[in-house]
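Below is one structure, written out as structure tokens; comments come after it.
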Amino acid sequence: MDENEKKSERIDDLLSHNLRIIQSDEVFSFSMDAVLLARFAGIPQRGKILDLCTGNGVVPLLLTTRTKASIEGIEIQPRLADMARRSVSLNGLEAAIQIREGDLRELVHITGHGVYDAITVNPPYMPLNGSDIKLNPHQAIARHEVNCTLEEVIQASTRLVRNGGKVSMVHRPQRLGEIITLMRNHSLEPKRIRFVHPRVHMEANMVLVEALRDGKPEVRLLPPLIVYQENGNYTQEIRDIYGEVSKGDSV
């Protein structure tokens, strides 16, 4: 990494868990979707967890507050993978988290099939279109399906998670029908769905989905998660999530 790249980076506190994370507005900074995914995901206390599209490693870092399982993250962008590794080292979590640089579509050829107990993923939300080339390349890859499609993410998850293992995803509600169809086409049965609304009277702008590998058809629609009160402050639940990712059951 050259000195100009380093100058664009900063070290931020990660919520209230004495964790720190390396970020860059030029490359990648985590947002609420990653925090909610880390809180929502059903994860084991032991075993192996994989975070696909890990970015700067925010989800693996947050998951260490909830589990003693071994956690891996995979990121295709070299600079982001490097930021994630340095964030892991910054927090002294090398024994708990391993960051891989590579293509999630090829990971099964390295690890083998069905080796993870749980998978989390915050994938690119938008299909590829002509406007993508106008974006910073790092941002284009993070936001658009440049290097992997939604189906490829789901297919990779199916191959990598064990039978009975869980796959948790955060995405846009506009693609929920596609998500459910693709999951079922690839032997992942949606079991829990929760919509996230900016305010109580507004449409959802995020959806959290948890699926079970080879599960039976049965899905629970959880109560909606509201982000802001009418006065513009966070709701109590969001304040609790930001302050207590390590406590209690998944949302």
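Hydrophobic clustering of Ile, Leu, Val, Met, Phe, Trp and Tyr side chains at less than 4.5 Å, counting indirect connections, keeps Val200 apart from Ile241. Linking Ile, Leu, Val, Met, Phe, Trp and Tyr residues whenever their side-chain heavy atoms come within less than 4.5 Å leaves Leu212 and Val219 in two separate clusters. Transitive grouping of hydrophobic side chains (ILVMFWY, heavy atoms separated by less than 4.5 Å) brings Ile11 and Leu80 into a common cluster. Both Leu222 and Val35 belong to a single network of hydrophobic side chains, linked directly or stepwise wherever heavy atoms of I, L, V, M, F, W or Y lie under 4.5 Å apart. Val59 and Leu225 end up in the same hydrophobic cluster when Ile, Leu, Val, Met, Phe, Trp and Tyr side chains are linked at under 4.5 Å.
Residues Ser168 and Gly42 come closest through the heavy atom pair OG-N, 3.8 Å. Residues Thr67 and Pro44 come closest through the heavy atom pair OG1-O, 2.5 Å. Taking every heavy atom of both residues into account, Glu218 and Glu189 meet most closely at N-OE2, 3.9 Å. For the residue pair Arg199 and Gly232, the shortest heavy atom distance occurs at NH2-CA, 3.7 Å. Contact between Arg66 and Gln45 at its shortest, heavy atoms only, is O-NE2, 2.8 Å.
At a threshold of 4.5 Å between non-hydrogen side-chain atoms, the residues His197 and Tyr228 do not count as touching. Side-chain contact between Arg46 and Ser70: absent, with no pair of heavy atoms (C-beta onward) separated by less than 4.5 Å. Counting only heavy atoms from C-beta outward, the side chains of Leu36 and Ile238 approach each other to under 4.5 Å. Residues Met32 and Met206 form a side-chain contact, since some pair of their non-hydrogen atoms from C-beta on lies under 4.5 Å apart. The shortest distance between side-chain heavy atoms of Arg20 and Ser87 does not fall below 4.5 Å. Within the 4.5 Å cutoff, the side chain of Phe195 has no heavy atoms near those of the Glu203 side chain. Residues Arg220 and Ile193 are not in side-chain contact: their nearest non-hydrogen atoms beyond the backbone lie 4.5 Å or more apart. Contact annotation: the side chain of Tyr234 approaches that of Val227 to within less than 4.5 Å [non-hydrogen atoms, C-beta and beyond].
Under the 3.5 Å distance criterion, the side-chain polar atoms of Asp117 are matched with a main-chain donor or acceptor of Lys48. For the pair Asn56 (side chain) and Ile22 (backbone), a donor-acceptor distance under 3.5 Å is present. Formation of a donor-acceptor pair under 3.5 Å by the Thr158 side chain with backbone atoms of His186 is found in this model. Under the 3.5 Å distance criterion, the side-chain polar atoms of Ser89 are left unmatched by any main-chain donor or acceptor of Arg85. Using a distance-only test at 3.5 Å, with no hydrogens or angles considered, a donor-acceptor pair links the side chain of Thr65 to the main chain of Leu62.
With Met169 as reference, Ile154 is the one residue of Ile154, Leu37, Thr120, Asn122 to meet the side-chain contact (heavy atoms from CB on, under 4.5 Å) rule. Put simply, the residue from Ile71, Asp82, Val88 that forms a side-chain contact (heavy atoms from CB on, under 4.5 Å) with Ile99 is Val88.
Between Glu75 and Arg100 no salt bridge is recorded (no basic side-chain N to carboxylate O distance below 4.0 Å). Between Arg105 and Glu152 there is a salt bridge, with a side-chain nitrogen of the basic residue lying less than 4.0 Å from a carboxylate oxygen of the acidic one.
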Could you walk me through whether Glu237 and Arg194 pass salt bridge (charged side-chain N to carboxylate O under 4.0 Å, His left out), step by step? CA-CA 14 Å; Glu237 184 170 11; Arg194 190 171 195 189; 3.0 Å; yes
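Of the N and O atoms on the side chains of Glu230 and His201, not one donor lies less than 3.5 Å from an acceptor on the other residue.
Figure legend: Arg192 and Phe40 shown as a cation-pi pair, the cationic atom lying under 6.0 angstrom from the six-membered ring centre and within 45 degrees of its axis.
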